[in-house]
Peer 1: 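Just dropping this structure here.
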Amino acid sequence: MAEAASARWEPVIGLEIHVQLRTRTKMFCGCALSFGDEPNVHTCPVCLGHPGTLPTANEQAIHYALQIAAALGCEVAPRSIFHRKNYFYPDLPKGYQISQYDIPLASGGRLGDVRVHRVHLEEDAAKLTHVGESGRIHGSGASLVDFNRGGTPLVEIVTEPDLRDAAAAREWAQLLRTTLRRLGVSDVNMEEGSLRVDANVSVRPAGEEELGTKAELKNMNSFRFLERGINAEIARQVELLEGGGKVEQETLHFDPRSGALTPLRSKEYAHDYRYFPEPDLVPLAPTAEMISAATESLPELPEARRERYRDELGLPEAAAIQLANDAAAGDYFERVLAHAEGVEAKVAANWLTNELTAAVREAEDGSEPEPEVFARLVVMVATGKVSHAVGKQILGTIVAEGGDPEELAAGFESDTDIGEIVDRAIAAEPEAAEKVRAGEMRAIGPLVGAVMKETRGAADGGEVTRLIREKLGA
Amino acid sequence: MSEILELTAAGALEKIGAGELSGDEVFDAWAQAASGDDLGAYLWRAEPGDRPAPGLAGGDGGDGPRELGGLPIAVKDIFCTEGIETTAGSRILEGYRPPYTSTAVRRLAEAGARVLGKTNMDEFAMGSSNENSGYGEVRNPWDRERVPGGSSGGSAAAVAGGLAPWAIGTDTGGSIRQPAALCGIVGMKPTYGAVSRYGMIAFASSLDQCGPLTRDVTDAALLLRVLEGRDPCDSTSTGIEGGVELPTREDLSGLRFGVPRELAEEGIEPGVRAVFERTVALVEELGGEVTETALPHAPHGISAYYVIAPAEASANLARYDGVRFGPRAEAGDLTAMYERTRAAGFGPEVKRRIMLGTYALSSGYYDAYYGQAQRVRTKIADDFRAAFESFDFVITPTSPTVAFELGERTDDPLAMYLSDYCTVPMPLAGIPAISIPAGLAAPEGGAEGGVELPVGFQIAGPAYSETRILDAAHALERAIGFDARPAR
Amino acid sequence: MIDRDQVLHVARLARLELSEDEVERMSGELSGILDHVDKIAELDLSDTEPTDHVVALENVLRPDEPRPSLPRERALESAPDPDDGAFRVPSPQA
Ligand SMILES: [Mg+2]
Ligand SMILES: [Zn+2]
């Protein structure tokens, strides 16, 4: 029944992301950014909205925003201006937020399969904490305002409604986070609020072009919650529409504890932000130098890296995604490749994503070796200097205690030329060798046994089998 | 001591430089005079013997004589002064002591000036009569039943009434020039961006400019020279390239003056017109060439101004919400707290403009009001640009009338707004203009043989032409020889 | 013409409590001012760009260098209801 209903409706999802930039100072004043400090220790007359104060725009925030725009393939507006967005709220000291309106910094980009509608700069609000009954006024609650966060530079990214299910929304948001992390422009921490993902969700009859009425979902402070919240909202809307009801345009607040979506009481009894150009700031007209400073400093981004790993280096999709999405692992991989001459990239990737990960997991407080060291080990295995099994043992030692792969390999001297041992075994068992050569694979046993005997069991059975077959052309 | 009070600031500086007077003597003489304020000009005054000005960086000695040599200065209460109550004439800032000092006052202090007092003003600079102050009206020293003009009425009355040697104020639609005209002193609005707005409580951010109110043109130049300059705290500030030179000019030969018929004929009362025409004749006598010109969109200045300024003000005044500073009206819920705090703190004119501005920006009206007003603004700027292709300056009366009676226009907001008819186009275009006293005239319909009141003559020039305007004004000032003083 | 409902709507947007008297007066005064202002609506300025800034400046930016913040006592000095290092307000959710 539920299955049938969901097949009749197509979800349409767009995301609105706020990214706190990792500048040293706030967007419009010289107060240092902070997280988790005592309340109201990073404020000044400007970010407290004192009379007579004026905003001054942070150069680095603009640079970061331009980098984000470039990373998302957006077109930068030749001239954009700041606007005032007017509404009253205690976390908004001036009674307006400085934001961008009809001409955003950049627009019309794409990341993955999702089009990016716009990218603009604005300032964050302060932190408001509800503290319950005040005791002084009967029946009323009170809140405390901490302006430390107020004025933190924010980049707002709005997508087109190109997503069709919650899992895809989550995946895309993760790709965006990885991209931003790779840029180094933000801490992109959802729990701490440096990355905030809101979702606009609507459903429409399958096959229909026209969009349904959307609801805005807020406060999903993890990727899991993002997916859960969107799924819950899709289900709610489908049920509502199936029952002949109508979706109201509203803002819903996700409660992580219950997983419930509750309507937010609107900030203004009527939304009318009365946007107008901010007279205290002059237009932003990014120069060729500003734009090239942003684009030239771009690292290889996850999407491009994934494609290159998959298409040029021949990595399996899973490994390509893993190494592209984890900037640190990806960079490690790059350095391994640089030092592992002659080794196939997919072999190196396999060693990195499987053996090294496993070795680090197993060791109590092990640490991964320098990529150059790791690369030497991979080369030794790939050229048959040591067997796969011995390589794993050496890696375990290096991760746990450190050490040099060549020196450690000396302890497995007898295996160093496993190829010679295989040759000797073939010479010693000519009958078995002949049968294997003729395709009778069951006959391989004595050959493997001879190698294992000579290596006192240290050789990797699989590897030995492979080598025997290789040498016998079977 | 009375001899000190006769000196212009430049005159006092000369004597200080010659060792005939000390900065302290001058300061104390003026502090003594200011203590006799019976015009309502001051909201806060220093006492004789106070030194340096409390809470102001750079107020004390330093090495050797500085540009402004310890002279006192009256400061409009719209400028934040650390530790000194700053209210912008509003009850919503009663008791507010800013945690910082405005750039303009800091520059003055660094040049060696000392704050003599904070002057009364129309609440948040909204007014043309100084009757909108939350702390009582200011009276015109020429006739105490009349207004001094506004919104820098306290600064103008203090200088004209012998309570301060000079002062600073702010001009948004005429708030320096109009009170200067009505009080018989010099007032100048510099090019937008010439003087930093940091620490100057905002009324209409795209129009507000700080400027001098002085006894003569030389003093205005002396002050502006210290005030102007690019300030990293104000993104819209530019300073004046090449600075400001002290005026020396004694004739006007070779200079071309345009008289825009839209601002010099209709609506100008006969007495003002007579003085204006006499002054135009003097300009010609000094060798200036005077021709009629047109500023076709200038008559729409008031309409554009009364959309743009209230719109910006409605946002600028949103910060007075009872959360971080200022008084709060207690209420159980947040919206009621906001609404009552603001209802109790703002006066009627401020409420009117907040309403007007909020309406003009509200959904469905933005383009018809705000958008259209900003297009008119473009047209007015274009008109001036065209005029300055043929003329060095545009000249007009500063105010259509002499000082009017207290209460005369308080019930008619529109009539009050029209007081700014001749001064509004310049800030809309961002250009500088000065008003100098040109003579006395009887008010229209005034009794025969009644009091005569000052008339101002306005000279406007292209952006950053301050030095040239001051030079021309200086030559004309000498020729006019205005030496009337209000009776004390 | 601005009627009573519009006055009340705008007053709510602007967070201004108006007395009955003020609502009445505001309606008349605003209508009078807007009648005058409306004259500019008659001008055909469709080809004219609205002014957004009178100074021809662009890209006035500040280096990302921290400046000292206010000591917390100073930040809270003027607050009508300081509480435990923060600014206390009636709760918006009340
Ligand atoms: Mg936003
Ligand atoms: Zn700050």
Side-chain angles (χ1 to χ4, degrees), chain A residues 28-30 40 43-57 82-98 126 128 133-134 136-143 145 147 150 265 267-284, chain B residues 78-80 86-88 90 93 96 98-100 102-103 124 196-202 204-208 231-237 308 311-312 314-321 323-326 330-335 337-339 342 357-358 360-364 366 370-371 374:
Chain A
F28 296 118
C29 69
N40 294 302
T43 72
C44 71
V46 177
C47 59
L48 287 173
H50 271 262
T53 55
L54 299 170
T56 48
F82 287 99
H83 269 70
R84 292 184 181 178
K85 178 182 183 179
N86 297 284
Y87 63 94
F88 286 86
Y89 214 63
D91 62 10
L92 195 63
K94 301 184 294 295
Y96 54 85
Q97 179 195 32
I98 301 177
L128 199 60
E133 299 285 314
S134 78
R136 260 170 295 179
I137 302 148
H138 181 69
S140 68
S143 296
V145 200
F147 288 95
R265 259 187 56 177
K267 282 183 179 179
E268 289 265 323
Y269 92 113
H271 279 283
D272 188 345
Y273 292 127
R274 289 159 281 136
Y275 281 99
F276 76 98
E278 164 60 286
D280 290 333
L281 291 166
V282 304
L284 209 54
Chain B
I78 203 165
F79 292 94
C80 285
T86 301
T87 66
S90 183
L93 281 174
Y96 173 67
Y100 75 110
S102 59
T103 299
F124 287 111
S196 169
R197 291 183 296 117
Y198 188 69
M200 198 173 102
I201 297 178
S205 313
S206 74
L207 297 156
D208 297 340
D231 177 12
C233 293
D234 176 0
S235 311
T236 65
S237 78
I308 295 164
E312 292 180 6
S314 71
N316 285 331
L317 270 54
R319 69 188 62 200
Y320 306 103
D321 60 1
V323 174
R324 286 144 292 115
F325 45 78
E330 287 300 337
D333 89 90
L334 181 70
T335 301
M337 187 281 277
Y338 282 147
E339 292 184 344
R342 291 163 61 77
T358 304
L361 290 174
S362 67
S363 172
Y366 178 90
Y370 192 80
Q374 292 287 29

Peer 1: Among B/Gly371, B/Ala311, B/Cys233, B/Ser314, who wins on heavy-atom pairs under 4.5 Å with chain A?
Peer 2: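 Heavy-atom pairs under 4.5 Å are most numerous for B/Cys233.
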
Peer 1: What residue among A/His83, A/Lys85, A/Arg84 forms side chain to side chain donor-acceptor pair (under 3.5 Å) with A/Glu278?
Peer 2: A/Arg84

Peer 1: So do the side chains of B/Phe325 and A/Leu48 get within less than 4.5 Å of each other, counting heavy atoms only?
Peer 2: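 Heavy-atom side-chain distance check fails, nothing below 4.5 Å.
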
Peer 1: For B/Ser196, is it the side chain, the backbone, both or neither that has a heavy atom under 4.5 Å from a heavy atom of chain A?
Peer 2: neither

Peer 1: Could you give me the CA-CA distance, side-chain angles and deciding distance for B/Cys80 and B/Ile201, then say whether side-chain contact (heavy atoms from CB on, under 4.5 Å) is met?
Peer 2: CA-CA 7 Å; B/Cys80 285; B/Ile201 297 178; 4.1 Å; yes

Peer 1: For the candidates B/Gly326, B/Ala315, B/Ser363, which exhibits the highest count of non-hydrogen atom pairs separated by less than 4.5 Å from chain A?
Peer 2: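 Greatest number of close heavy-atom pairs with chain A: B/Ala315.
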
Peer 1: Where does B/Tyr96 contact chain A at under 4.5 Å (heavy atoms): side chain, backbone, both or neither?
Peer 2: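 Looking at B/Tyr96, just its side chain touches chain A.
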
Peer 1: Does A/Asp280 pair with B/Arg197 as a salt bridge, N-O distance under 4.0 Å?
Peer 2: yes

Peer 1: For the residue pair B/Tyr338 and B/Val323, establish whether any side-chain heavy-atom pair is separated by less than 4.5 Å.
Peer 2: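 Yes, side chains in contact.
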
Peer 1: What part of B/Ser102 gets closer than 4.5 Å to chain A, counting heavy atoms only: side chain, backbone, both or neither?
Peer 2: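 Neither part, no heavy atoms under 4.5 Å.
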
Peer 1: Can you say whether B/Tyr370 sits under 4.5 Å from chain A via the side chain, the backbone, both, or neither, judging by heavy atoms?
Peer 2: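 The answer is the side chain of B/Tyr370.
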
Peer 1: Of the backbone (N, CA, C, O) and the side chain (C-beta and beyond), which part of A/Tyr96 lies under 4.5 Å from a heavy atom of chain B, both, or neither?
Peer 2: side chain

Peer 1: Starting from the C-alpha separation in whole Å, work towards a yes-or-no answer on side-chain contact (heavy atoms from CB on, under 4.5 Å) for B/Arg324 and A/Phe147.
Peer 2: CA-CA 10 Å; B/Arg324 286 144 292 115; A/Phe147 288 95; 3.4 Å; yes

Peer 1: When only pairs under 4.5 Å are counted, which of B/Thr358, B/Leu93, B/Asp321 shares the most heavy-atom pairs with chain A?
Peer 2: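 Of the candidates given, the most pairs with chain A belong to B/Thr358.
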
Peer 1: Between B/Ile78 and chain A, which part of the residue has a heavy atom less than 4.5 Å away: side chain, backbone, both or neither?
Peer 2: neither

Peer 1: Nearest 0.5 Å please: distance from the CG atom of A/Asp91 over to the OG atom of A/Ser143.
Peer 2: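 Output value for this atom pair is 10.0 Å.
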
Peer 1: Which residue out of B/Ala202, B/Pro232, B/Ser362, B/Ser206 racks up the most heavy-atom pairs below 4.5 Å with chain A?
Peer 2: B/Ser362

Peer 1: Against chain A, label B/Ala360 side chain, backbone, both or neither, depending on which of its atoms sit under 4.5 Å from a heavy atom there.
Peer 2: neither

Peer 1: Quick check on B/Asn316 against chain A: is it the side chain, the backbone, both or neither that has a heavy atom closer than 4.5 Å?
Peer 2: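 Contact with chain A is through both the backbone and side chain of B/Asn316.
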
Peer 1: Which word best sums up how the rings of A/Tyr275 and A/Tyr273 line up, parallel for under 30°, tilted for 30 to 60°, or perpendicular for over 60°?
Peer 2: perpendicular

